[in-house]
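One structure is given below, encoded as structure tokens.
When reading the values below, keep in mind they use all heavy atoms of this one structure, side chains included, and skip hydrogens, waters and symmetry mates.
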Amino acid sequence: MHSYETRYDVIVVGAGHAGCEAALAAARMGCLTLLLNMSLDGMAVMSCNPSIGGLAKGHLVREIDALGGEMAKNIDATGIQFRVLNTRKGPAVRAGRAQADKQLYRLRMKRVLEQQGNLHLKQGEVTALYLERDELHGVDTRSGIRFLGTTVVLTTGTFMRGLIHIGLINYAGGRAGDLPSLGLSDQLKGLGFEVGRLKTGTPARLDGRTIDFSRLETQYSDDQPRPFSFSTERITMPQVPCYIAYTNPRTHEIIRSGLDRSPLYAGVIEGIGPRYCPSIEDKVVRFPDKERHQTFIEPEGLETVEYYPSGMSTSLPIDIQIAFYRSMHGLEQVEIMRPAYGIEYDYVNPVQLHATLETKLIPRLFHAGQINGTSGYEEAAGQGILAGINAALRAQGKQPIMLGRHESYIGVMVDDLVTLGTKEPYRMFTSRAEYRLLLREDNADLRLRELGHAIGLVSDELYAGFCRKREQIAAELERVATTRIGMGEAEQQWLMDHDCADVQKGTTLEQLLRRPGIGYIDLAGLPGGTAVLTPEVQEQVEIQVKYHGYLERQEEQIERMRKMENSVIPQEMVYSQLQGLTPEVREKLERFRPGTLGQASRIQGVTPAALAILAVALRVNGARQ
């Protein structure tokens with residue numbers, strides 16, 4: 001094995017969405033970083049849906065941007081359809097989603113990586129960690145080159161022992177057209193990591209020239225596309241429509257006729273698939289009374305005829321795929337350009353991670369993305385930026401950062417993973433966040449920009465702009481709280497027009513804004529009702545005024561929980577010596593090794609009585625508070 005001449009601070013293995021964010025974060029923080037990928041043409045590839053964002057996922061993208069990551073900027077520069085979802089619902093569950101030009105997305109991210117200082121890109125397959133006396137010193141590659149590094153971040157995606165299924169035919173692959181990664185998961189298992197097997201899949205890619213779009217419903221982009229990045233002023237890419245199609249009873253009949261050749265139902269697939277994104281055959285079997293299922297026919301780019309039928313992932317044989325697609329209205333003559341397939345791959349149980357994403361078994365080794373059992377580009381990127389930050393801080397001898405559940409969706413996701421683990425592909429939902437009214441898409445910068453600047457990922461220029469925005473919000477909140485309306489002719493007419501005839505003299509603008517149906521922009525009709533502010537500042541003022549009571553209540557809940565989160569449990573805690581714990585609770589605490597009393601409270605089966613015993617033990621032992 002030849003040792004490469006350069007020693008790196010951070011080595012990132014894999015250049016999917018997690019690896020790209022991890023490598024950029026570490027390099028931007030001043031660490032000499034190496035990004036290794038099996039193919040340098042395969043960086044930031046959108047293996048499945050050519051889109052970014054969606055419910056809860058959009059929150060993750062904006063948090064990554066607030067911390068100084070790249071995903072939001074990348075989709076803003078390459079997105080070809082932008083929509084805000086759930087606009088009729090409250091701000092906590094509104095989310096952005098954008099279709100990407102799949103090739104432009106990959107190429108722009110590749111260019112950003114190539115131009116980043118402190119970052120070396122090299123093509124190679126990592127087959128093993130390089131250890132000396134159980135101490136991590138780098139990685140070994142199949143080409144016989146050993147790369148030395150202080151910290152290593154594994155972002156292996158679906159490549160570890162990847163196995164592709166199309167009907168009863170299967171072959172090794174990390175995704176269609178790519179080889180799998182072999183050897184690494186066997187070594188991890190030998191080192192004591194709990195390696196499991198998961199399954200995911202992707203739909204076929206359809207030839208748009210053979211689709212009758214006139215028979216499908218059209219879905220257009222928003223009139224004024226909203227960017228994901230807080231630093232993007234406007235979207236400049238051309239916007240194109242998506243289309244809506246439906247399955248029908250004939251489609252379902254064809255799908256059922258192929259179940260005997262489905263690897264999912266023939267017992268060929270061992271891995272557990274995603275509960276919240278099931279294959280089309282799974283939908284047909286699980287919901288036999290449902291006459292149709294919806295699919296969005298989404299363009300893969302401006303310069304290609306390939307279309308992606310979302311929600312139609314399958315591992316059925318190709319003849320069944322062709323038949324069921326052609327049974328759908330508007331797709332009677334459709335040609336499949338790339339068949340759908342299922343894929344199995346290895347992952348490592350994330351309960352063996354600290355909340356920093358550093359592994360408990362091997363110091364200075366970090367895991368991010370699908371190796372931790374998650375699904376989705378956004379979930380991977382969120383873990384990637386956190387792992388990259390902490391790998392860099394570890395290499396620099398600095399204290400790591402941990403994101404709490406009250407601070408971010410990234411924090412919710414990581415806490416779920418390291419506390420509870422997962423036996424199926426983990427996907428982010430707004431319902432997973434108990435403080436989701438505080439963790440909105442619109443305020444991700446108010447929550448995380450300060451941290452991004454402190455660790456060196458947000459430039460002084462961007463930070464100065466953020467500070468101006470924050471000051472404008474505070475000033476306007478103060479102004480609307482103290483400005484009282486008069487009762488002149490103009491004010492009385494405005495009150496009549498807005499069904500506010502019961503309002504008394506001396507009412508503040510804040511009190512008016514709290515009324516249903518009145519937005520900040522409506523106050524412009526009152527003398528001195530509004531100030532000259534950006535739409536983003538206006539939005540923050542309106543939300544913070546209208547939801548003040550709810551936000552205050554969640555802040556109080558967070559303060560109560562913070563006391564538990566600050567009660568650190570030493571890793572050397574001997575649970576067998578604690579009197580009063582049941583064998584079940586003791587076994588779970590020994591297995592999960594929670595870092596705080598708060599983490600212990602979220603382990604299924606750990607009772608309030610057990611938490612009380614733990615709390616007493618921490619006080620007796622003088623644990624840090």
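Smallest separation of non-hydrogen atoms from Met38 and Phe159: SD-CD2, 3.6 Å. Contact record, Ala387 with Val153: CB-CG1, 3.9 Å, taken as the closest heavy-atom pair. Nearest heavy-atom pair, Gly149 versus Arg364, reported as atom, atom and distance to 0.1 Å: O-NH1, 4.3 Å. Nearest heavy atom pair, residue Ile75 against residue Tyr105, reads N-CE1, 3.9 Å.
Of the inter-residue distances, the one linking Glu378 atom CD with Ile64 atom CD1 reads 7.5 Å to the nearest 0.5 angstrom. Rounding to the nearest 0.5 angstrom, the gap separating the CG atom in Asp140 from the NE2 atom in His2 is 12.0 Å.
Classified by interplanar angle (parallel below 30°, tilted 30° to 60°, perpendicular above 60°), the ring pair Phe466/Tyr463 is tilted.
Within 6.0 Å of CZ in Arg146 there are more than 12 heavy atoms belonging to other residues, nucleotides or ligands.
A salt bridge links Glu450 with Arg470; the closest basic N to acidic carboxylate O contact falls under 4.0 Å.
The side chain to side chain contact (heavy atoms under 4.5 Å, CB included) test with Phe230 is passed by exactly one of Asp445, Val458, Asp442: Asp445. Looking at Leu36, Leu35, Leu32, Thr33 one by one, the single match for side chain to side chain contact (heavy atoms under 4.5 Å, CB included) with His120 turns out to be Leu32.
No side-chain heavy atom of Ser181 sits less than 4.5 Å from a side-chain heavy atom of Thr156.
Between the side chain of Thr232 and the main chain of Arg234, no donor-acceptor pair closer than 3.5 Å is present.
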